[in-house]
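Here the structure is a predicted model, which is why all the values come from computation and not from measurement. When a ligand or atom number is given, it counts from 1 through the structure's own listing order.
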Amino acid sequence: MRKFTPEELTSDDVALLLRAALMSPSSHRCCDWEFIVVDEKAKLQAIASCRENGAAHAAEAPLAIVVLGNPTVTDCWVENASIAALMIQLQAEDLGLGSCWIQIRSRLAPDGTPSSEVLRELLGFPDELEPLCVIVVGHKGMERKPFNEEHLQWEKVHANRW
Ligand SMILES: Cc1cc2nc3c(=O)[nH]c(=O)nc-3n(C[C@H](O)[C@H](O)[C@H](O)COP(=O)(O)O)c2cc1C
């Protein structure tokens, strides 16, 4: 979902989103992730500008959750943080909310600065943490058709061997 209404999220909904993230499985249950909840308009606008394309919808979202991992704890930080991010998205859908993943890792701001460094400056997290993505969440601002099952690529599934 890349369009949101101006309606704020309730604190109960935000708590449920974070609860889902904190329940995520992680390798060796290392729980290396961290989450920064952003609801200040100026910061949401700054997140929207941390990429040339693909992040503009953060400016109109009421909430963004920055999902960070810690490569000094585990080489599975990307996997751990990805699962936590998706848990937030599944919980959002369950609450009837819309969400979108904004990729931060390996992405650049319009001036060529890594998007991760733009967020580090904006949000003040320590050097050992790496932001993987930002999940923006809000009340759905448009209708979306359910996934068209005819588009499922069953040919990508292989039995016992390629
Ligand atoms: C790893 C990953 C990175 C993504 N990065 C972005 C992004 O930077 N900006 C964005 O608007 N959507 C991003 N998305 C959302 C995808 O574009 C979206 O999941 C895909 O288009 C499927 O959309 P659908 O739910 O409409 O089928 C990302 C999704 C994933 C899984």
If you scan protein heavy atoms around atom 27 (O) of ligand 1, the nearest is Arg144 NH2, 4.2 Å

When you look at CD of Glu149, are more than 12 heavy atoms from neighbouring residues, nucleotides or ligands closer to it than 6.0 Å? no

Using protein heavy atoms only, decide if any is under 4.0 Å from atom 19 (O) of ligand 1. no

Do any heavy atoms of His57 fall under 4.0 Å from ligand 1? yes

At what distance is the nearest protein heavy atom to atom 8 (O) of ligand 1, and which residue and atom is it? Arg51 NH1, 2.7 Å

Output yes when the distance from some N or O of ligand 1 to some N or O of Cys100 is under 3.5 Å, and no in every other case. no

Quick check on the hydrophobic clustering: are Met1 and Val38 connected, directly or via other members, by side-chain heavy-atom contacts under 4.5 Å? yes

Glu121 atom CD, over 12 foreign heavy atoms within 6.0 Å: no

Side chains of Gln103 and Trp101, donor plus acceptor under 3.5 Å: yes

So, for atom 14 (N) of ligand 1, does the protein have a heavy atom nearer than 4.0 Å? yes

Does some non-hydrogen atom of the protein lie less than 4.0 angstrom from atom 6 (C) of ligand 1? yes

Residue, atom and distance of the protein heavy atom nearest atom 9 (N) of ligand 1 read Gly54 O, 2.8 Å

Heavy-atom nearest neighbour in the protein, as seen from atom 11 (O) of ligand 1, with distance rounded to 0.1 Å: Arg2 NE, 2.8 Å

Ion pair Lys140/Glu93, N-O distance below 4.0 Å: yes

Quick one, Ile88 with Ser99, criterion side-chain contact (heavy atoms from CB on, under 4.5 Å). Give me CA distance, side-chain angles, the key distance, then yes/no. CA-CA 9 Å; Ile88 295 168; Ser99 72; over 6 Å; no

Measure the distance from atom 4 (C) of ligand 1 to every protein heavy atom, then report the residue, atom name and distance (to 0.1 Å) of the closest one. Trp101 CD1, 3.3 Å

Looking at Glu60 and Phe4, what are the two nearest heavy atoms and their distance? OE2-N, 2.9 Å

